There are 2 protein chains.
Amino acid sequence: MGHRLTDLQLRNTKCFDIKWEGRADCQLCSIRKNDIFAKLDVEEHKDILNSISQFNYPEKSLLYRQGNPAVDVYVIRSGIVKLEEVSTDGSVRIVRLLLPSNAVGIETLLDDRQLYDQNAVVLRGASVCRIPYSVFSLLEQASPDFYQMVMKEWHRQLDAADRVIVDFSTGSVHDRVARLLVYLAEASKTRGCSEIEMLGIEDISALTSISRESISRVLASFKRNRLLEKSGPNRMRYNWDGLTSLVEQNIG
Amino acid sequence: MGHRLTDLQLRNTKCFDIKWEGRADCQLCSIRKNDIFAKLDVEEHKDILNSISQFNYPEKSLLYRQGNPAVDVYVIRSGIVKLEEVSTDGSVRIVRLLLPSNAVGIETLLDDRQLYDQNAVVLRGASVCRIPYSVFSLLEQASPDFYQMVMKEWHRQLDAADRVIVDFSTGSVHDRVARLLVYLAEASKTRGCSEIEMLGIEDISALTSISRESISRVLASFKRNRLLEKSGPNRMRYNWDGLTSLVEQNIG
DNA sequence: CGAATCTTTGAATCCTCTCAAGTCTTGTGG
DNA sequence: CCACAAGACTTGAGAGGATTCAAAGATTCG
C-alpha cells in the first residue's frame, strides 16, 4: 500500500507564503491561447475579468482541499500541480498531473455547487490565476459559446487521467517510470527547456503505485545507462532518444 | 504486459446485429432524470429530439472506434460499455466503465470536431440512444443552460476514470478485484438487482492490469469464502457485507 | 553546522506472472 | 440433438519481479 500523509500534511498547519502578483493581464497573457479563455475577446469583457488575480504558490502549498466547497478555478501559468485523492485509510494516489494552461478546480462550474474532488497540491512553484465563480456566471451570459472552451478543459483533464491509467499504471515498474520521464521530457521540450522538472520520489510513487525503493532503483539504472543525469536540484538532463526508444521497445 | 487483440477484434469484421428499437421517447424515458437531458423541457424541444433513435447493441459490438471521427453521442439506457485504449503495441487497457445514464462519445461535442479517444465496446447487451451532433448544436441555441448538464457528464466521466486509478489500479491484486466487485455490486443494487453482472476475466484484466490467471485465483478464493456464488451465465450472487468488509479492512 | 527529510542500496521475502496442462462452456454444423 | 471445435476459465509449479525492512548516504532547511 501507498504511503500515508503525516499529521502535518493532513492538517496543513504549515504556513506557506502565497504571493499576490497583481491583477491578471489577460490581454498580454502568454498562455491564454491554450487555456479556457483562448477564444474570448478579453478587451470586450475586461470588466468581468477584472476580478482575476495572479498568485505565486510555493512548492507543497495547497490550492484547495478535497471535500471543501468548490469556489474558485485556478489556471496554471507555470509550475506543476498534482491532484491527489486521499483514501479512507490515509493512503494517497495522484489521479492527474496538471501543467501550464490547465485549469484546476473546474468542479466549481457545476450548477449544484460541488465539493472539490481532490487535493490540489503545488509540486513545483506555480504561478496561477485565481478565478472566482462569479466570472464564469457572468461570462456565460455575455459570451454564449464560452462553454465550448470549458468543455475542452474537461477533455484535457480526461486525457490527463487516462494517461495516468494507460501510461503510469500499466506494465512493469521499469516501463511505467520510463513513460513518466518521457512525459515530463515532452512537457519540458514544449516549454523550450532541455531539462526535466523532476518530481520527488514520493510523488512518482503516488502517481505510479510503485514503492519508493523500486523507483529509486529504476532511476539509478537509467542514470547508469546515461539516460538521465542530475543537473541541479529537482532537475535532470535527459537523453531524449534513449528514453523514447525505451518506451517504443515494447512494440511487438 | 496485457493481452493483445486478435485480428478479428481489431478489424471488427464480425457482423453484429444491431437492432433498431424505434424513435426515442424522451418524455417517458425512465433514465432521463440522471442523464444529460435531465433538466431539459423535452416537450418544448421535441422537434429537435426527434432525430434520436434507440438501438440495441449486442455483447461485444462496437459503438465506435478509437481514432474515427466523432459524430454521435450515445446515452446508455441499459447494459455496460467499456472505453478501451489500444496502445501502439496492441495491448489493451480499459480506462473506464460506463453504466446506464452515462453518455459515451462526448468528444463529439468539442468545437473542433475531434476523433474518438477510445474504442467503445458493449460488455453486456446494451440499449442506447444515438444522438447526432446536430441535436446538440440546436439545443445549445435553444436552451442556453443546456451545457450545465453536459458539464456534469464530463464530471461523471472523470469520476469513472479516477475510480479506475484509485480503486482498480492501486494495491494488491486481491484488493483491486474486491473493489471492482463492490463497485459492480453497488451498481446492481441501485438497479434493484441482487446479482452482479459479471465481467469476463479478460475485461477485469484490462481494467485492473492483472493477469488473467491471478484474477481467476482471486475469484476462486472469494467463492471458497462464500463471498461470491455463480447464479447464471455472467451472473454472480454476492455477499454484500462480506465484500464490503474486505475493502474496508485496509483501513488503519 | 546539525536535525530532519529524502534518497540509495542490500538482502530476504512475498507476491504476481508465466508457462503449461486440464476442465468447463459456448456456439456451430452435421 | 449431439458432437466437436473454439474459446473461456481453472489450477499447479516455478521463475522473476516488486515490496519490505533496515541501515547508510545525501540534501535541505533552519
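Note that the structure is a prediction, hence the values are computed from the model and not measured. Chain letters run A, B, ... following the sequence lines, proteins first, then strands; residues in each count from 1.
In terms of phosphate contacts, A/S214 brings a side-chain nitrogen or oxygen within less than 4.0 Å of OP1 or OP2 of D/dT19.
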Exercise answer: donor-acceptor pairs, residues 213-226 of chain B side-chain atoms, under 3.5 Å, sequence neighbours excluded:
{"residue": "B/S214", "atom": "OG", "partner": "B/S211", "partner atom": "OG", "Å": "3.1"}
{"residue": "B/S221", "atom": "OG", "partner": "B/V218", "partner atom": "O", "Å": "2.9"}
{"residue": "B/N225", "atom": "ND2", "partner": "B/S221", "partner atom": "O", "Å": "3.3"}

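Look at CD1 on A/I215: it is 18 Å from P on D/dG17, rounded to the nearest Å. When the C1' atom of C/dT8 is taken as reference, atom CZ of A/R224 falls 11 Å away, rounded to whole Å. Rounded to an integer number of Å, the gap from CZ of B/R212 to C1' of D/dT10 is 12 Å. When rounded to the nearest whole Å, the span between CD1 of A/I201 and P of C/dT9 equals 10 Å. We find that CD of A/E59 is positioned 11 Å from P of C/dC6, with the value rounded to whole Å. Atom NZ of B/K223 is separated from atom P of C/dC24 by 13 Å (rounded to the nearest Å). In this structure, B/N234 atom CG and D/dA8 atom C1' are separated by 11 Å, rounded to whole Å. One interatomic measurement links the two molecules: CE of B/M198 to P of C/dT25, which rounds to 15 Å at whole-angstrom precision.
The side chain of B/S216 lies closest to D/dT10 when the candidates are C/dT9, C/dC17, D/dT10. Comparing atom distances between the B/K60 side chain and each of D/dA8, C/dC17, C/dT8 picks out D/dA8 as nearest. The side chain of B/S172 has C/dT16 as its nearest neighbour among D/dT28, D/dA18, C/dT16.
Salt bridge A/E202/A/K82: absent, no basic N to carboxylate O contact under 4.0 Å.
Applying the salt bridge (Lys or Arg N to Asp or Glu O under 4.0 Å) definition to pairs two or more places apart or across chains, those involving residues 117-126 of chain A are A/E59-A/R124, A/R124-A/E197.
Nucleic acid contact class of B/L219 (heavy atoms, under 4.0 Å, all strands): none. Contact annotation for A/T208: no contact, since no heavy-atom pair falls under 4.0 Å across all strands. Across all strands shown, A/K230 has no heavy atoms under 4.0 Å from either base or sugar-phosphate atoms.
Of the residues near DNA chain D, A/P233 and A/H174, the one whose nearest nucleotide (by heavy atom distance) lies more toward the 5' end is A/H174.
Side chains of A/R93 and B/T170: a donor on one and an acceptor on the other come within 3.5 Å. Using modelled atom types and a 3.5 Å distance limit, the side chains of A/E84 and A/Q118 yield no donor-acceptor pair.
Between the side chain of B/R217 and the base of D/dG12, at least one donor-acceptor pair of N or O atoms lies under 3.5 Å. Between the side chain of A/E202 and the base of C/dC6, no donor-acceptor pair under 3.5 Å is found. With hydrogens and angles ignored, no donor-acceptor pair closer than 3.5 Å exists between the side chain of B/E213 and the base of D/dC9.
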